Every structure is written in structure tokens, then in C-alpha cells.
Protein chains: 2
Amino acid sequence: MNNENTNQYENLYILINQTWLGINSVVRKALKNAGLTHINPAYIGILLCLWREYGLEESLAKLGTVDGMKIIDLGRCAGLEPSSMTGLIDRMERAGLVKREDDIHDRRVCRICLTQKGLSIRSDVIKIVYNVMQNSFSEVDKKSYDNFIRVLYTILDKTSKKRE
Amino acid sequence: MNNENTNQYENLYILINQTWLGINSVVRKALKNAGLTHINPAYIGILLCLWREYGLEESLAKLGTVDGMKIIDLGRCAGLEPSSMTGLIDRMERAGLVKREDDIHDRRVCRICLTQKGLSIRSDVIKIVYNVMQNSFSEVDKKSYDNFIRVLYTILDKTSKKRE
DNA sequence: TCAGTATATTACTTATACGTATTATTGTCA
DNA sequence: TGACAATAATACGTATAAGTAATATACTGA
């Protein structure tokens with residue numbers, strides 16, 4: 001490695017870190033300002049996975065009709081290790097957003113299901129995240145935005161937890 | 001907000017989170033594999049700030065000639081709140097990388113100085129971060145890369161902790 | 001069938017980061 | 001000068017995330 005040619009990759013690492021901290025900080029404050037004090041940023045990834053199961057309509061009637069998801073699959077979906085999930089699901093359960101239910105077919109498995117509360121905050125939470133992200137990207141044109149997403153997926157693939 | 005026009009901003013939030021977790025995970029493992037078990041990812045941002053003070057040469061002789069930095073400025077540099085800094089500096093001090101010294105002119109201030117150990121690991125750590133980032137971006141062309149950096153700075157400016 | 005392997009989750013420890021409150025200084029201005 | 005605001009760092013509690021080890025269950029092949 002020569003000093004003139006490093007492209008400051010080490011600074012890029014910090015830049016990504018700072019950017020993520022900044023966005024997350026704004027989301028945290030937006031949730032608080034909206035009065036959603038029991039919703040933490042880390043819940044959002046999990047909730048999005050679960051909400052997807054319920055399709056587009058916000059029908060509370062569907063609550064009983066959906067099987068829920070395994071903790072390990074939720075973790076994969078949110079990019080988290082299994083060991084990170086236990087505490088997260090604990091907190092979400094304590095906040096009344098989800099509940100653990102037994103899996104009939106596999107007694108090792110918890111099925112994580114939304115509660116009525118977890119389903120009903122859906123549009124509020126998505127609106128908040130939407131507003132934060134829209135504001136963050138308000139000065140980024142469509143082409144740069146699309147490119148940005150593509151690069152994120154490329155990096156995600158390279159650093160995916162699948163490989164060691 | 002209408003459903004067809006959200007551009008999946010909520011998913012972007014999760015995508016950025018996952019990407020950051022992925023990169024950080026790879027850096028953590030790379031540090032471990034290199035035998036730098038006492039270096040944690042969070043140290044890197046702080047070390048980069050301090051190393052910058054010492055110019056390009058890695059001269060240990062400069063150790064006594066530099067004033068060190070205030071904790072609050074290091075925090076600004078790394079994008080961290082003051083309250084996040086105390087513990088981080090504690091751990092870095094325990095790892096023998098930095099030390100707190102009194103400020104002659106202002107008794108409220110700690111000056112954080114590199115130790116010999118903190119200075120000597122410089123090229124190893126930068127090399128590791130460089131390798132991880134280069135691999136992460138290996139399939140991203142120059143133009144996309146430059147655009148990516150620009151977008152990060154734009155977002156960082158929008159979400160900067162300066163504003164409330 | 002049963003021994004060994006794989007899978008799902010949890011328990012425990014540590015690191016990371018923030019918010020709030022507190023303490024100790026420094027700076028300001030009436 | 002002396003009250004009051006501003007600044008720097010810390011203490012404490014909580015959330016977030018990982019690694020390692022343990023436990024329980026399921027699967028698989030001889």
C-alpha cells in the first residue's frame with residue numbers, strides 16, 4: 001500500500017459510520033417527537049418484515065390468520081445475528097408489539113407474531129421513516145439516488161454475513 | 001403519502017443499517033484475524049483523528065511534541081455524543097492506546113494523547129481497513145464510487161448533529 | 001433405533017451509543 | 001466582583017449488537 005494511492009478508504013469507513021449514526025439519531029428523535037416513545041429504531045427492521053406478511057391492507061382481522069416468523073429468519077431479514085435477536089424480541093414483546101408463540105411442527109421454534117398494537121402503528125412508523133429519509137435525500141437527484149442504492153446492494157453482497 | 005410513491009424509503013433505512021453492520025462485522029473479524037485483539041472497530045475513528053495530528057511520518061520521536069485532543073473534539077470528529085466518549089476513551093486507555101492528560105490552560109479539559117502503542121499500530125490498522133473497504137467496493141466503478149461518497153456527504157450534512 | 005450432527009433459541013459477557021443529570025471549571029456582564 | 005450562563009467531562013441507566021457456550025429439539029444415516 002502506498003500512501004498516495006489509498007483513496008482514503010479508512011476515512012470512507014468512518015464516513016459511512018457517521019452517516020449511519022446521523023440518520024439513526026434523526027429517526028430516534030422523530031419517533032420521540034411523534035410520541036412513539038415505546039418504538040425504538042431497532043424495532044423498525046423487525047416490524048417491516050412482519051408487516052410485509054400482512055400484505056398492503058392494514059386489516060386487523062388478519063391478525064389471527066398469519067403464522068408469524070421464526071426469530072432466525074427475522075434476524076436474517078434485518079441483518080442481525082441470532083444472539084442479538086433474543087434481547088430485541090424481549091424488548092419488543094415487553095413493549096407489546098409482538099408475542100412469541102409455539103410452533104406446532106417444530107418445538108425448537110418460536111413464531112414471532114404481531115400484536116394488534118404492533119400492526120396498528122404501521123402507517124405512523126412508515127410515515128416517520130419516510131419523512132426522515134426523504135429529507136435526508138432531498139438534495140440528491142434521482143440518478144445519484146439510484147446509483148447509491150445499487151452501490152449499497154453491491155457492498156451488502158460483498159460483506160454479507162453468509163461468507164466468513 | 002401514497003403507497004405507490006414511497007420509493008421504499010423505509011427499506012432504504014434498513015438497507016443502510018444492514019450495509020453498515022456488514023462492513024463493521026468484516027472489519028471486526030479482520031482485526032481479530034490480524035491478531036489485533038485489543039483494537040475494536042469503534043477505536044478506529046478516534047485513532048484516525050489522533051494519527052492525523054502526527055503528520056505522515058510514523059516517527060515515535062514526535063510523541064511528546066503533540067498536544068493531544070479534547071474529548072469533545074474527538075467526538076465531533078467521529079460523530080459521537082460527548083456521553084458516548086467517556087466509556088470509549090476509558091476502554092482505549094485500558095487497552096493502552098491513549099492516555100488522558102491535564103490541560104494546562106483549562107482545568108475542565110482532558111487532552112487525549114496517543115501512547116507509543118497507539119501510534120505504532122497505525123499502518124497495520126489502516127492497512128486492514130483499506131483491504132476491507134477495497135474488497136467491499138471492488139465491483140463498484142470509479143464513477144459510482146465518487147457519486148456514492150458525494151451522496152454520503154450530502155446526507156451527513158442533512159442529518160448532522162449540529163441541528164436539532 | 002440410536003448415535004451423531006444440525007438447527008433454533010437462549011444465557012451471559014462485552015462493546016457501542018445515547019439521553020439525562022451532575023460536577024467542575026471558565027467566561028460574561030451588570 | 002459576583003451572579004449566571006456556557007463548556008468539558010463524567011455517572012448512570014438503557015438500548016443495541018456481537019461472540020461464545022449451553023440447552024432443547026429435530027434430522028440423518030448406519
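Computed from a predicted structure; not experimentally measured.
- Rounded to an integer number of Å, the gap from B/Trp20 CH2 to D/dT16 P is 18 Å.
- Regarding A/Gln18, its CD atom lies at a distance of 14 Å from the C1' atom of C/dA17, rounded to whole Å.
- At a threshold of 4.5 Å between non-hydrogen side-chain atoms, the residues B/Tyr9 and A/Val129 do not count as touching.
- Considering only the side chain of B/Arg94, C/dA15 comes nearest among D/dA26, C/dA15, C/dG19.
- Closest to the A/Lys32 side chain, of the nucleotides C/dT20, D/dA17, C/dA11, is C/dT20.
- The side chain of A/Ile72 approaches C/dA8 more closely than any other nucleotide in the set C/dT20, C/dA8, D/dA9.
- Between A/Arg107 and D/dT25, a side-chain N or O to OP1/OP2 separation shorter than 4.0 Å is present.
- Between the A/Trp51 side chain and the A/Gly118 main chain, a donor and an acceptor come within less than 3.5 Å of each other.
- At the phosphate of C/dT16, OP1 or OP2 sits under 4.0 Å from a side-chain N or O atom of B/Asn40.
- Nucleic acid contact for A/Arg91: base, since at least one base atom lies under 4.0 Å from a heavy atom of the residue.
- Nearest to the side chain of B/Asp106, among C/dG19, C/dT25, C/dA17, sits C/dT25.
- For the OP1/OP2 pair of C/dA17 and a distance below 4.0 Å, the side-chain nitrogens and oxygens of B/Ser84 include no atom meeting the criterion.
- The side chain of A/Cys110 lies closest to C/dT10 when the candidates are C/dT10, D/dG19, C/dA17.
- Comparing D/dA17, C/dT16, C/dT9 by their nearest atom to the side chain of A/Ile71 picks out C/dT9.
- When the P atom of C/dA17 is taken as reference, atom CD of B/Glu81 falls 12 Å away, rounded to whole Å.
- Of the charged side-chain nitrogens involved, at least one lies within less than 4.0 Å of a carboxylate oxygen, so that A/Arg100 and A/Asp90 count as a salt-bridged pair.
- If you check every strand for non-hydrogen atoms under 4.0 Å, A/Arg111 touches nothing.
- Ranking C/dA17, D/dA15, D/dT10 by closeness to the B/Ser83 side chain, first place goes to D/dT10.
- In this structure, CG of B/Leu80 is placed 10 Å from P of C/dT16, rounded to the nearest angstrom.
- Side-chain atoms of A/Arg108 and base atoms of C/dT9 include no donor and acceptor less than 3.5 Å apart.
- Heavy-atom neighbours of A/Asp102 CG from other residues, nucleotides or ligands within 6.0 Å: at or below the threshold of 12.
- In terms of position along DNA chain D, the nucleotide closest to B/Arg100 lies nearer the 5' end than the nucleotide closest to the other residue of the pair B/Arg100 and A/Tyr43.
- We find that CD1 of A/Ile46 is positioned 16 Å from P of D/dA15, with the value rounded to whole Å.
- In this structure, B/Lys143 does not pair ionically with B/Asp146, as no charged nitrogen and carboxylate oxygen lie closer than 4.0 Å.
- Nearest-nucleotide assignment on DNA chain C puts the 5′-proximal partner with A/Lys70, out of B/His105 and A/Lys70.
- At whole-Å resolution of the value, CG in A/Asn24 and P in C/dG19 are 10 Å apart.
- Atom pair A/Asn17:CG and D/dA17:P shows a separation of 13 Å (rounding to whole Å applied).
- For A/Met92 and D/dA17, the CE to P distance is 12 Å, given to the nearest whole Å.
- Looking at A/Lys117, its side chain does come within 3.5 Å of a backbone N or O of A/Ala95 through a donor-acceptor pair.
- The residue among A/Pro82 and A/Arg28 whose nearest nucleotide of DNA chain C lies closer to the 5′ end is A/Pro82.
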